[in-house]
Amino acid sequence: TINGQGDTPDPSTGKTWVDCMREIAHQLPSCGNVSRPHLILLYMGKNLTISNVSIEDSPNWTLHIANFSDIHIHDIQIHNLQGYNRDGIDIDSSQNALVENSVVDAGDDALCVKSGEDWVGRHNAVMAENITFRNIQVGTGHGITIGSDMSAGVRNVTFENITMDGTGMISVRLCTAVLVARSRCSC
């Protein structure tokens, strides 16, 4: 069970992560030069089910699943304010994933498939494959993204019955790796 109080202020500064996001948007010094954390990062496992949860106001990626196999995510809701890197669901270097019957309002990529970043991605070489997203309502954010971090490759990804409202002009982004440099998105 995950149960929290939301975006509570730092006792020393009185700022929340949302306050820091607003400062970043206005290019002000923010968050004491501390990186914003992913809200939920689950790394390396098998037989994962996440269901019937509501997640709000992540300071960075909301639900990041990396190096897992046999994943079922269903009946969840994610609601983030607009902001840099406030992704909804990131399936990273994982296999046999089904994400369904959910609502995702993201500040950045709503539904994202990745396969490792830079040297770590190439060294571990775990491909993202056999991933299905279906029956999902996407509100704000960039909609669907495949790539940006994709050092090990992506194969057999399916999106079906995805409704997008509020994604603006970019609803689907496919990103490519450029030689051995950091991956770049093409829109």
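For this chain, numbers begin at 1 and follow the sequence in order. Just so it is clear, the values below take in all heavy atoms, side chains as well, and ignore hydrogens, waters and symmetry mates.
- Scanning all heavy atoms of the two residues, the minimum distance from Gly116 to Ser93 falls at N-OG, 3.2 Å.
- Listed by chain and number, the residues in a side chain to side chain contact (heavy atoms under 4.5 Å, CB included) with Ala128 are Val113, Ser115, Ile131, Val154 (sequence neighbours excluded).
- The side chain to side chain contact (heavy atoms under 4.5 Å, CB included) test applied to Asp92 returns His64, Ala66, Lys114, not counting sequence neighbours.
- Counted within 6.0 Å of CG on Asn161, heavy atoms from surrounding residues, nucleotides or ligands total more than 12; the atom is thus considered enclosed.
- In this structure, the separation between CD1 on Ile162 and CZ on Phe133 is 8.0 Å, given to the nearest 0.5 Å.
- The distance from the CG atom of Asp70 to the CG atom of Leu48 is 10.0 Å, given to the nearest 0.5 Å.
- Taken to the nearest 0.5 Å, the CG atom of Leu63 stands 11.5 Å off from the NE2 atom of His38.
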Show your working on side chain to side chain contact (heavy atoms under 4.5 Å, CB included) between Ile73 and Ile91 and close with a plain yes or no.
CA-CA 11 Å; Ile73 299 170; Ile91 305 294; 4.1 Å; yes
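- In this structure, Val126 and Gln95 have side chains that are in contact, with non-hydrogen atoms separated by less than 4.5 Å.
- Taking CH2 from Trp61 and CD1 from Ile89, the interatomic distance works out to 13.5 Å, rounded to the nearest 0.5 Å.
- To the nearest 0.5 Å, the span separating CD1 on Ile50 from CD1 on Ile40 amounts to 6.5 Å.
- Atom-to-atom distance recorded for Ile65:CD1 and Tyr43:OH is 13.0 Å, nearest 0.5 angstrom.
- Looking at heavy atoms from C-beta onward, Ile144 lies in side-chain contact with Met164 at the 4.5 angstrom threshold.
- Side-chain contact between Leu111 and Thr145 is absent, with no heavy-atom pair separated by less than 4.5 Å.
- Checked by atom type and distance alone, the side chain of Asp105 pairs as donor or acceptor with a backbone atom of Thr140 at under 3.5 Å.
- Between Asn47 and Thr49, the closest side-chain pair of non-hydrogen atoms is not below 4.5 Å.
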Run Asp87 and Thr62 through side chain to side chain donor-acceptor pair (under 3.5 Å) and show every step you take.
CA-CA 6 Å; Asp87 292 8; Thr62 305; over 6 Å; no
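- Side chains of Ser94 and Asn67: no donor on one and acceptor on the other come within 3.5 Å.
- Note on Phe159: it clusters hydrophobically with Ile136, by side-chain heavy-atom contacts below 4.5 Å among ILVMFWY residues.
- Side chain of Asn60 to backbone of Arg86: no donor-acceptor contact under 3.5 angstrom is found.
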For residues 96-103, which side-chain donor-acceptor pairs fall under 3.5 Å, sequence neighbours excluded?
| from | atom 1 | to | atom 2 | distance (Å) |
| --- | --- | --- | --- | --- |
| Asn96 | OD1 | Asn130 | ND2 | 3.3 |
| Glu100 | OE1 | Arg134 | NE | 2.8 |
| Glu100 | OE1 | Arg134 | NH2 | 2.9 |
| Glu100 | OE2 | His72 | NE2 | 2.6 |
| Asn101 | OD1 | Asn135 | ND2 | 3.4 |
| Ser102 | OG | Asp75 | N | 3.3 |
| Ser102 | OG | Ile76 | N | 3.1 |
| Ser102 | OG | Glu100 | O | 2.9 |

